[in-house]
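This report concerns only the one structure given below.
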Amino acid sequence: MTLLMGGAVSVILGLVGFIVWIKDFLTLLKGGLPVLLLLGGVVAIYIGIDELQSKLREEREKQEEELIKAKEELDLIRARAEQYREELERLKEERKNKA
């Protein structure tokens with residue numbers, strides 16, 4: 001009950017103070033608003049740069065993965081080409097031996 005009464009008294013005193021010192025409150029608000037905008041802008045820039053770096057890092061990792069896949073494919077193709085080359089040599093030898 002005392003908490004409720006204390007809260008009610010605080011609300012009444014705050015409302016009276018707000019009405020009496022409205023001019024001072026507006027002056028404080030005018031002075032504080034640019035500071036809040038500056039701080040908010042700095043935080044937004046920091047978050048934006050961090051997000052951009054994260055995006056670039058993800059893109060780089062994706063390109064590295066694609067490069068690894070391309071190298072694996074190239075190795076597979078080279079291995080197949082070597083098999084075909086050996087097959088061709090073997091067929092040439094067989095043809096040479098038959099003739």
Side-chain angles (χ1 to χ4, degrees):
M1 185 68 168
T2 56
L3 186 61
L4 180 63
M5 293 300 290
V9 169
S10 294
V11 167
I12 293 170
L13 287 176
L15 188 58
V16 168
F18 185 74
I19 292 170
V20 171
W21 293 307
I22 186 74
K23 203 175 223 183
D24 294 329
F25 173 74
L26 292 176
T27 303
L28 181 67
L29 188 62
K30 282 192 266 183
L33 192 60
V35 173
L36 290 175
L37 288 173
L38 282 171
L39 291 175
V42 167
V43 169
I45 288 172
Y46 176 76
I47 291 172
I49 289 173
D50 188 47
E51 185 177 314
L52 183 63
Q53 286 177 343
S54 176
K55 197 174 194 179
L56 289 173
R57 189 177 316 115
E58 288 175 6
E59 185 65 31
R60 192 177 315 121
E61 289 174 358
K62 183 179 175 184
Q63 288 176 352
E64 287 176 3
E65 288 175 5
E66 289 176 0
L67 181 62
I68 290 170
K69 286 180 184 178
K71 284 182 180 179
E72 289 173 355
E73 250 181 70
L74 184 61
D75 289 341
L76 181 63
I77 290 171
R78 284 182 182 162
R80 285 184 184 165
E82 184 62 33
Q83 287 176 349
Y84 293 148
R85 196 173 297 124
E86 290 173 0
E87 180 79 16
L88 182 62
E89 290 297 322
R90 187 181 60 77
L91 289 174
K92 282 183 183 178
E93 285 295 322
E94 284 181 8
R95 189 171 186 196
K96 190 177 181 182
N97 288 339
K98 284 184 180 179

Q: Could you identify which residues cluster with L74, counting Ile, Leu, Val, Met, Phe, Trp and Tyr as linked when any side-chain heavy atoms lie under 4.5 Å apart, either directly or through a chain of such contacts?
A: none
(Q) Suppose we screen for side chain to side chain contact (heavy atoms under 4.5 Å, CB included). Which residues come up paired with S54, at least two apart in sequence or across chains? (A) R57, E58
**Q.** Approximate separation, where rounding is to 0.5 Å, of E61 CD and E59 CD
**A.** 10.5 Å
Q) What pairs meet the salt bridge (Lys or Arg N to Asp or Glu O under 4.0 Å) rule with one or both residues in residues 65-91, with sequence neighbours excluded? A) E82-R85, E87-R90, R90-E94
**Q.** I22, CD1: over 12 other non-hydrogen atoms inside 6.0 angstrom
**A.** yes
**Q.** Other cluster members, L76 - Ile/Leu/Val/Met/Phe/Trp/Tyr, side-chain contacts below 4.5 Å
**A.** none
Q. Going by side-chain heavy atoms closer than 4.5 Å, which hydrophobic residues are tied to V9, directly or by a chain of links?
A. L13
For residues 26-53, tabulate all N or O donor-acceptor pairs below 3.5 Å that involve a side-chain atom, not counting sequence neighbours.
residue : atom : partner : partner atom : Å
T27     : OG1  : K23     : O            : 2.9

